[in-house]
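Heavy-atom basis, side chains included; hydrogens, waters and symmetry copies ignored. These numbers were taken from a predicted model, which means no experiment stands behind them. Order of appearance sets the numbers: ligands from 1, and atoms from 1 within every ligand.
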Amino acid sequence: MRLGVCYYPEHWPEDWWADDARRMAEMGLSRVRIGEFAWSRIEPEPGRFEWGWLDRAIETLHGAGLGIIMGTPTATPPKWLVDSMPDMVALDAEGQARKFGSRRHYCFSHSGYAAEAARIVRAMAERYGEHPSIVAWQTDNEYGCHDTVQSFSDAARDAFRHWLAAKYGEVAALNAAWGNVFWSMDYRSFEEIDLPNLTVTEANPAHWLDFRRFSSDQVVAFNRMQADILRAASPGRDIVHNFMGFFTEFDHHAVGRDLDIASWDSYPLGFLEQFWFSDDEKRAYLRQGHPDIAAFHHDLYRGCTSGGRWSVMEQQPGPVNWARFNPAPLPGMVRLWTLEAMAHGAEMVSYFRWRQFPHAQEQMHAGLLRPDRIDDVGAHEVRQAAADIAAIGAVGDPPKSVALIWSYESAWVTDIQPQGKGFSALRLAFEFHSALRSLALDIDILPPDAELDGYKMVVIPCLPIVSEALVERLAAFDGPILIGPRTGSKTAHFAIPPGLPPGDLQRLIPIKVTRVESLRDGVGLAGENGGLVRWCEHIEAPFDPETAATDGQGLVWRHGTVRYLAGWPDTRLLFNLCTRVAHDAGLATIVLPEGLRVRRTRNHVFAFNYGLAQVALPEALQTDQAIVADRSLAPTECCVFGK
Ligand code: GAL
């Protein structure tokens, strides 16, 4: 695995560059990402390019032996461009323009901006496409960051109408599919259809779902436009995009089809602070991050390209600037996060950023170096990680064990219609992943169209819309299958299926969900080995439940190898259920001590201590070949065994 760093030569005096490049190489880095926000310095006036500084920066980095990942600068269109077509910015759901003055101020549907983006991408690709230093291109930067996938502009509205016309052909078909007879919402032509914002009360969920699909397709098209230009002008270089954490606004599987490598930006402490974790978890993992945050995304993005290639483009190196609170990682965590990515098969971990920049929005964000050019804590840990990586060697492909099926559309359905506070398909997928991981299992998160051959068990935490093709593949799968709540609960047009949920999955397990309830915090359905919270489903079935609550209501229903979980499980129920299913699959589970996590590769077993106490490594995980560290792990420590 390689190490890299995000670098902005345009931020620093030119006479620092050579020293920076030398220190990067000395630290064990071999990749450097540049360029992704530099449009105003590359083209300061329309059509006047200043390549000189970038040519010299590339030569300097190349001279130090670094391979360059060149970012296209389309996330930061310059002021002159915005002024030349002011309607290129997105409008938010309130109809307000999202102005110049930060970044991502563009609407994916604006054809004038798309042409300008193509122009700058082509100019860069033609200049540097065949330069020997360029190993990869990053398209744009974090599509969707700062809530920028959806735009409620005129350009988006017009493009949405075209998209609907292409999908439905006749407006009568759309009226029928959306159920527009309800509340007299029928349309007479596609031209009458508006965007679903600013309605008096909620818009039709089918309208929203199509708008979410459309918005996602706009991102896919924008990315494909760039990928096509880059592939033609820069043959043999990898195309990569940097995805985000806990982000579901567009279909990453669809974008991934146009990429060689899916990368993502890993900020475990920021994500712990910003997302749904309890106060206890936030306190316990304040400086380490929840033990499953990074792993969940590693397992997710590995499934986002056909070849399974993935990397970490931005790794948190110290405190960030953007969460509610921004603690420093415990010393050792930057190294641990690096090795966790290696254990999951990353090709590269690259740190954000080389040096803290004393100006502008991110002046409080740490780098590997302090603003005074002295090594910060992260730099020392990178050196250690580089030595560890060399000692460990190649890890080989991860083993096939548990397949967890996930679709972005699932998140759109539960966002549009939570039907109870806190119901999120993403969170439920994370909780399943976390339970499986705390049993020392290895997980691949796969799209619904993935092949399941070779896996030992399949888990579907929450997939409201299930295709015929997936039902076929599940019917042919011979291991145990665990299906979670709301799976099969909607048709592709956001209606309740005619035979009631779980729809076509009734072929696998003959049950009907006749009623659902969402429950406020603190209320639930208790069972002997755990129960349900937040959501519970009433089931009609020709057989008794496998597990029932103390009042007799079914919690888990089983038919042959297929189980259906009738609600949102509490931690205990989920843990017990995953143990049972893994046992049926012939997979050995280990109840890991608090904070300890394990990942196997073809050649190694890795273990990581995210907790605050020393833990002994369970015997079952140890082999004779200890490569890194001991069998008893201090906080932030990891150990690696050869198999
Ligand atoms: C990422 C982004 C970077 C930088 C970083 C700060 O979301 O891609 O450009 O802003 O966050 O943590």
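- Interface of Glu142 with ligand 1, defined as ligand atoms under 4.0 Å from a residue heavy atom, comprises 1 (C), 2 (C), 7 (O), 8 (O).
- Checking Arg104, His110, Arg103 one by one against Tyr106, the side-chain hydrogen bond (donor to acceptor under 3.5 Å, both in side chains) holds for a single residue, Arg104.
- Here the side chain of Glu126 pairs no donor or acceptor atom with the backbone of Ala123 at under 3.5 angstrom.
- Protein heavy atom closest to atom 10 (O) of ligand 1, with residue, atom name and distance, is Glu362 OE2, 2.3 Å.
- Using a 4.5 Å cut-off on side-chain heavy atoms (C-beta onward), Phe277 and Phe430 make contact.
- Of the protein's non-hydrogen atoms, Tyr267 OH, 3.3 Å is the one closest to atom 5 (C) of ligand 1.
- Among Arg353, His365, Glu314, the residue whose heavy atom sits closest to atom 8 (O) of ligand 1 is Glu314.
- Taking every heavy atom of Phe37 and a limit of under 4.0 angstrom, the matching atoms of ligand 1 come to 9 (O).
- Geometrically, Arg355 engages Trp12 in a cation-pi contact, judged by NZ or CZ lying under 6.0 Å from the ring centre and within 45° of the ring axis.
- No side-chain N or O of Gln274 forms a donor-acceptor pair with one of Tyr267 less than 3.5 Å apart.
- For atom 9 (O) of ligand 1, the nearest protein heavy atom (residue, atom name, distance) is Arg103 NH1, 2.8 Å.
- Heavy-atom proximity to Asn141, at under 4.0 Å, picks out these atoms of ligand 1: 2 (C), 8 (O), 9 (O).
- Looking at Gln218 and Ser109, their side chains do bring a donor and an acceptor atom within 3.5 Å of each other.
- Those atoms of ligand 1 with a heavy atom of Asp265 less than 4.0 angstrom away are 8 (O).
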